[in-house]
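Down below is the structure, laid out as structure tokens.
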Amino acid sequence: MRRSITHQRRWPLVTTLAAALLVPLASAPGSALAAPGDAPAGPRAVAADGTVQALDAINPSSRTAGMFALYTPEFGPSTKTNQFGGEAVLQETATAGTYKVLDVCTVFTSCANKGDNAIPRDGAVLSASPGGTPDVRTFLRDHIHVGELVILDDLTVRSVSTTIDATDPTAASHPGGVDPASGNCYPGCRGAEQLIVYTAASGRPTTKTNDYGYEVTVVDGRVVSRGGNNREIPADGMVISGHGGRGAWLSSNAVPGAKVAIEGSTLTVTIDESTYMYGAEQALTRAGDSLTAAGQSCLTIDNEGSAAAAAEARSLLEQAATASEAGDVDAAVALAERAREQAELAWYRTAESRPVEGRGMWVRPTETTPAQIAKTLDQIDAAGVNMVFLETVFQGYTIYPSAVAKDNGITAQRPEMAGFDPLQVWIDEAHARDIELHPWVHTFFVGAQSVNENGGAGPILEAHPEWAAVEREDVGKAGPQPSSQEEGYFFVDPAMPEPRAYMLSIYEEILTKYDVEGLHLDYIRYPVSQPWQTASFSYSDFSRDAFAAEFGKDPYTLTPADPLWKSWDAWREENVTSFVSEVRELQQKLAPETQLSAAVFPDPADGLAKKFQNWADWVDKGYVDVLTGMSFGTSAASVARDTELMRKSVGDENLLYTATYGPFRGSSPDVLVDQTQAVRDAHSDGAALFAYNQLSAPQATALEEGVFRVEATTPHSDLIAASREAGRWTAENVEKATGACIPEKTATKVQRELDRADRFLEKGKPAEAVKVYAKTASLISGSAEVQPEFAARMLRDLAMYQRWSGQAAAK
């Protein structure tokens, strides 16, 4: 069933604020307060007493240390921030740029809403995070008061400047880009928190950077494209690349169409009305090109909806041009932004949307009432998601009232959720919307210093400090110590029987007490254990004695040069794998109809070497049903490479839903769409997004109107039914494409074979369907007259149906 494109939205699409708030901008985090006569340039908030605070970002995906941000309705229903900062809720007044303060709450006062405030549809929220110098939270505390007026200034047309660290860097010219451990350049010779410019003069075709940054391409002094790493360097332009916070600066400021100028080491980005016009024109061109390409390859899309949105975009853009000619900058900007939004809708609707695939969303619950849970699931449902990985056991707490925890002397429930059973409400509300609920459970990671008021190790290790994993450098220290490589994180020792038994009891409690579709294992590994000299885990007394009893030597005395070191690695690997085996046995005994899934690192060799996570072995032994490979890349090409690597290791034996991090990274909606399509084309069985807590309204719209537009069922819920439904959908597409993208004779043969496969599946003979799908694929690949893009999609999908049918036959 296809989702209606005219249904009432649960995510706001166009903000009701003045056009000045429509484009995210940023300056350097941690900007100081200024008196009226010394006001900072760029976007800022002016308090009633005249004190000025620079705005570091508008609608950032996450609030970094020392950031002073503004959240508008375009971001979504709430700020999704934590409780360690402070926020002021503002309401628009009749005077442009002036807002009334409705509420203020900071960590310095005894109030309940220090973060995650609702964003008024006719207002905004000022938000300050800890960690800056000076502390930007004090601006809210000392200068913003309920009932007073606040001015938000210089948010539309402006220039911002920053310093370039290097241009066309080499190891010789840019020591700051060199890894001191190896003496070689970091990828792209771009160091941490650096902003680098790459030109054709460098002689390199691409920047060669890694996934931990953000890049924009500039041609003729304007930003023409944006995205992830390793971008092609134009002959007549440049690529600007930022790592970490510098990447966030680029993402916020160097929007498409922005003017870029470089003088010496100073980079200046200027946003004016032409920027908005350019962005709308580019979006409309892309939508038109995509609509044409979809037609040429017979892609099933929302043609009518795309054409309607494109027509509206053209009309708005013409109105914007008229306003610009008349000198009405504000009107031109507002109209151009509306044109861009409509053009983006037109593009989203040209995306492929399949009726059978996994569409996961990780959710860290912050909701403390049933009504809040229902509201969140409304938004998740509207985005087209069909499975929620709900963080049910994290930082040592369960979100539900746990008898197992209580019996073990451990806090029985997250304190802020006491008084009701959130897990049961999540399950009931998810099922009411036909969404699967998979409890997401942390395994060996049990606490984080940053979230505990006393900076402690969390409730599990506070009750049982003897269960702690011990890092090599911490041998002999009293009490649990956090990981040095995963800063502030505490782990239990995977070798110890007691924490293993406790976690199994928790999982048993979930599987027997609650009607869930699966159990999702996370942190099913050792802590990062490199470099071995200091960070290797775990050297608890138990692990040292147990290994010595079996191999005759204390592992603390071993080095990688010792012949027994490989045995030490294999022993730790087996501790993880054997626990997965025990969870599998428990799940098969108690809830065989549920799915056991695991979040794993895409490169099996890397996961094994650093964390003793041998998920390829789990697949071979049938310990898991679904893998969600965590692809941290910032580009479509990067997540595609990770998916291809995982598919090669997984083979046809397991379902794979690649995890992409667009929401968490604050990727633009188009990147979110491109990454979802990329993992499909790389033979994933679906895509999962991390995480709802960072999902913005524009990103949700891209899913709802684009790649998740058509309602979909999960393949793992019924592999045979999935193969049948998807196969019939493919047959319909072949019928529509006959004569245009596939010759009639070939189409007839393909449809006949798809019908045969369906009959075999109906009779419960999936192994026979596998053979038929293979024959169907040969018909496609054997015909030179099939349109290439159409053929590629057919072969991709037929291979997927073979996998599903083969897995059904093996059960």
Open item on the list: Are the side chains of Arg665 and Phe632 in contact, using a 4.5 Å heavy-atom criterion?
Closed with: yes
Task: Residue list, side-chain hydrogen bond (donor to acceptor under 3.5 Å, both in side chains) with Arg286, at least two apart or on another chain - done: Asp670
- [ ] Quickly, which of His243, Gln194, Arg246 forms a side chain to side chain donor-acceptor pair (under 3.5 Å) with Asp165? Name it, please.
- [x] Arg246
- [ ] Kindly check if the number of other-residue, nucleotide or ligand heavy atoms within 6.0 Å of OH (Tyr212) is above 12?
- [x] no
Open item on the list: Within the 4.5 Å heavy-atom criterion, are Glu74 and Asn59 side-chain neighbours or not?
Closed with: yes
Task: With sequence neighbours excluded, residues passing ring pair (Phe, Tyr, Trp, His ring centres under 6.0 Å) with Phe394 - done: none
- [ ] Would you please name every residue forming a side-chain hydrogen bond (donor to acceptor under 3.5 Å, both in side chains) with Gln413, sequence neighbours left out?
- [x] none
Open item on the list: Tell me if a side-chain donor or acceptor on Ser696 pairs with a main-chain N or O of Gln699 at a distance below 3.5 Å.
Closed with: yes
- [ ] Only counting residues at least two apart or in another chain, list the ones meeting side-chain contact (heavy atoms from CB on, under 4.5 Å) with Ala128.
- [x] Phe68, Val136, Arg137, Leu140
- [ ] Apply the side chain to side chain contact (heavy atoms under 4.5 Å, CB included) test between Lys259 and each candidate in Val269, Asp272, Val218; give the one that qualifies.
- [x] Asp272
- [ ] Answer whether the closest heavy-atom distance between the side chains of Thr268 and Val260 falls below 4.5 Å.
- [x] no
Open item on the list: So Thr95 and Leu149, do their side chains get closer than 4.5 Å, heavy atoms only?
Closed with: no
- [ ] Please identify each residue that fulfils side-chain hydrogen bond (donor to acceptor under 3.5 Å, both in side chains) with Glu367, with sequence neighbours left out.
- [x] Thr376
Task: Backbone N/O of Asp302 and side chain of Ser306: donor-acceptor pair under 3.5 Å - done: no
- [ ] Using the six-membered ring wherever Trp is involved, compare the ring planes of Phe664 and Phe690 and label them parallel, tilted or perpendicular (cut-offs 30° and 60°).
- [x] perpendicular
Task: Beyond-backbone contact of Phe75 with Val125, side-chain heavy atoms, under 4.5 angstrom - done: no
Open item on the list: If I compare all heavy atoms of Gly242 with all of Leu195, which pair ends up nearest, and what's the gap?
Closed with: CA-CD1, 3.9 Å
Task: Non-hydrogen side-chain atoms of Leu437 and Leu423 separated by less than 4.5 Å - done: yes
- [ ] Would you verify whether the NZ or CZ of Lys80 falls within 45 degrees of the ring axis of Tyr692 while also being under 6.0 Å from that six-membered ring's centre?
- [x] yes
Open item on the list: Gln319: which residues meet the side-chain hydrogen bond (donor to acceptor under 3.5 Å, both in side chains) condition with it, sequence neighbours left out?
Closed with: Ser315
- [ ] Locate the shortest heavy-atom distance separating Ala323 from Ala332; write the atom from each residue and the value.
- [x] CB-N, 3.8 Å
Task: Test: Glu337 and Arg340 ion pair at under 4.0 Å - done: yes
Task: Taking every non-hydrogen atom, the tightest pair across Pro73 and Ile119 - done: N-CG2, 3.6 Å
Open item on the list: If the condition is side-chain contact (heavy atoms from CB on, under 4.5 Å), which residues does Asp211 pass it with, not counting sequence neighbours?
Closed with: Asn229, Thr634, Ser638
TODO: Could you list the residues that satisfy salt bridge (Lys or Arg N to Asp or Glu O under 4.0 Å) with Glu312, not counting sequence neighbours?
DONE: none
- [ ] Give the minimum heavy-atom separation between Pro365 and Ile399, together with the two atoms involved.
- [x] CG-CG2, 4.0 Å
Task: Aromatic plane relationship, His442 with Trp440 - under 30° parallel, 30 to 60° tilted, over 60° perpendicular - done: tilted
Open item on the list: Does this structure show an ion pair linking Glu318 with Arg314, if we count only N-O contacts that are shorter than 4.0 Å?
Closed with: no
Open item on the list: Side chains of Thr217 and Val223, heavy atoms from C-beta outward: is any pair under 4.5 Å?
Closed with: no
Task: All ring pair (Phe, Tyr, Trp, His ring centres under 6.0 Å) counterparts of Tyr278, not counting sequence neighbours - done: none
Task: Glu87 to Asp116 - nearest heavy-atom pair and separation - done: OE1-N, 3.5 Å
Open item on the list: The criterion is ring pair (Phe, Tyr, Trp, His ring centres under 6.0 Å); which residues satisfy it with Tyr400, sequence neighbours excluded?
Closed with: Tyr514
Task: For Val101, side-chain contact (heavy atoms from CB on, under 4.5 Å) partners two or more places apart - done: Leu90, Val104, Ile144, Val150
Task: Residue pair Ala691 / Met361: nearest heavy atoms and the distance that separates them - done: C-SD, 4.1 Å
- [ ] Keeping to residues at least two apart or across chains, list the ring-ring contact (aromatic ring centres under 6.0 Å, His included) pairs with something in residues 363-392.
- [x] Trp362-Phe389, Phe389-His438, Phe389-His520
Open item on the list: A quick test of your reading: do over 12 heavy atoms of other residues, nucleotides or ligands sit less than 6.0 Å from OH of Tyr489?
Closed with: no
Open item on the list: A side-chain contact here means heavy atoms from C-beta on lying under 4.5 Å apart; do Leu267 and Ser161 qualify?
Closed with: no
TODO: Keeping the roles fixed (side chain from Asp328, backbone from Ser324), state whether a donor-acceptor pair exists under 3.5 Å.
DONE: no
